[in-house]
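Every chain is numbered from 1 and lettered A, B, ... according to where its sequence line falls, protein lines coming before strand lines.
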Number of protein chains: 2
Amino acid sequence: MDGDADLASPARLMGEPARAAMLVALLDGRALPAGELAAIARVSAPTASAHLARLVEGGLVRARALGRHRYFELAGADVADAIESLQRLAPRRPVTSYGQSATARRLAEARTCYDHLAGRIALGIADALVAEEAITPLEAGGSGMILATDGPVARRLRLEAAPAPGRRPPVRGCLDWTERRPHLAGALGAHVLEVLLSAGWVARVPGDRSLRVSDELRVAFES
Amino acid sequence: MDGDADLASPARLMGEPARAAMLVALLDGRALPAGELAAIARVSAPTASAHLARLVEGGLVRARALGRHRYFELAGADVADAIESLQRLAPRRPVTSYGQSATARRLAEARTCYDHLAGRIALGIADALVAEEAITPLEAGGSGMILATDGPVARRLRLEAAPAPGRRPPVRGCLDWTERRPHLAGALGAHVLEVLLSAGWVARVPGDRSLRVSDELRVAFES
DNA sequence: AGGATGCTTCGCCCGACGACGAACGATCGC
DNA sequence: GCGATCGTTCGTCGTCGGGCGAAGCATCCT
């Protein structure tokens, strides 16, 4: 019968609200301890433990024991890709005009997406880099290259210090689900987020994927 | 709480074996009547009907009434993308050394993947097109371009008759789950499959995604 | 050592959902 | 028109799986 890959089992793992919440929380690429994931998913510790065990069993999540904590993280970029491609499917239903809650507004302005930056600010930065021809134009899912690192924006973002290309494509377009346009992902996307964080231009908001944006950065890139 | 797209609901829809089987059956892009989908999923007609109603409700599948039949098809390319990205996740578990059943062998040689060609033959064709620089090199998920249509392989596949670029990228890399390398998808991928079918170089096998390959094509492209 | 903290296992309850048979519309063929 | 076919809706059953509290280990702190 099947010579086909089993679609149902990973989907089933993602199809439970508590597990989905955990996976989304891990989308920013960091590892979180079980207790925190339980709080995020709003379930008790035993329930969370059971869910996490199934996620590990299914190969979506990796566990790392550190002291008396167990840190969980996504098992790989392909898992993150799958989650994002499903999220891209979701908005068909609600078509919720966001801008409602304060968090939604913050998420729409700036947030992390796996290990890079997303939201309006991310689009502003990507547009500026494309405009000064520092990178090739972005297309959703497609990959591009770094063209030059001596433009004004490229200098401010320290593109010259970007990691040498490895397995990962340097420039990737990642479809932004609030703006429906691709923002900068890939190795360079991760590098830019790191630069912004260490320069204090953005800061993580605890318990959230949204990012606090400095005024300096906002006036420069908010569209 | 959420400013996040709802990951769980589409995943839940795909996470049920019967529904997953239906979705996979629709991956080749064609529309199938409810009865056939029921047979494929090995469930009774009422059960299939309920599943299909939920898939339509969730926006994954579109229904088209034709006579006394109702034909169902995937709602869009993004749905197919999500299904494929989940399938890519699945093989983590079994690591089944295929080549077991006859169908698995046939699927590994040539099959349809949504609306284009997949399997060893597809990789052979893609490699040949890249080698003669008819298209840009493929990368999984990335998109490329048509470079020239006058090479020997490009002529045989009538690349010059490929549809003008529309919303869809002309060349896309689609990760082949049997070979773990990207094969040719996108508008050109669909065009090539059409050419091969109408020339009789491949033929659909009823009730299956595998394709019968003519000897002529096999000696030319089987790696 | 002893208590606190973090996570897991166990046992149980309950609701949700998938499965089917039977009955009901709708459409086609003749 | 009349049976035949296709698909749906309805009612019912069984089970799978998610939820929690209590108890059990492990690790850390002092």
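Of the side-chain N and O atoms in A:Ser49, none sit less than 4.0 angstrom from OP1 or OP2 of C:dC7. For A:Arg70 and C:dG6, the shortest distance from a side-chain N or O to OP1 or OP2 is not below 4.0 Å. One finds a side-chain N or O of B:Thr47 lying less than 4.0 angstrom from the OP1 or OP2 phosphate oxygen of C:dC20.
Residue A:Gly35 is the one, among B:Ser44 and A:Gly35, whose nearest nucleotide of DNA chain C lies closer to the 5' end (criterion: closest heavy atom). Judged by closest nucleotide on DNA chain D, B:Tyr71 is the one of A:Leu66 and B:Tyr71 placed further toward the 5' end. Place A:Val43 and B:His69 on DNA chain D by their nearest nucleotides, and B:His69 ends up nearer the 5' end.
You'll find the side chain of B:Leu196 reaches within 4.5 Å of the side chain of B:Ile125, heavy atoms only. Two residues are said to be in side-chain contact when any heavy atoms from C-beta on lie closer than 4.5 Å; B:Val202 and B:Leu197 meet this criterion.
Heavy atoms only, all atoms of each residue included: B:Gly59 and B:Ala75 are closest at O-CB, 3.3 Å. When all heavy atoms are compared, the tightest approach of B:Phe72 to B:Ala63 is CE2-CB, 3.6 Å.
Rounded to an integer number of Å, the gap from CZ of A:Arg54 to P of D:dG19 is 11 Å. Separating the NE2 atom of A:His51 from the C1' atom of D:dC16 is a distance of 14 Å, rounded to the nearest angstrom. For the pair A:Leu52 CG and D:dG19 P, the interatomic distance rounds to 12 Å; values are reported in whole Å. Between A:Glu16 atom CD and D:dC16 atom C1' the separation is 13 Å, expressed in whole Å. Following rounding to the nearest Å, A:Arg64 (CZ) and C:dG6 (C1') show an atom-to-atom distance of 17 Å. Regarding B:Arg68, its CZ atom lies at a distance of 10 Å from the P atom of C:dC30, rounded to whole Å. As a whole-Å value, the separation of B:Arg12 CZ from D:dC16 C1' is 11 Å. D:dG18 atom C1' lies 14 Å from atom CG of A:Leu55, rounded to whole Å.
The residue B:Ala34 sits close only to the backbone: its heavy atoms come under 4.0 Å of sugar-phosphate atoms, none of a base.
In this structure, B:Leu7 CG and A:Met14 CE are separated by 6.5 Å, a value rounded to the nearest 0.5 Å.
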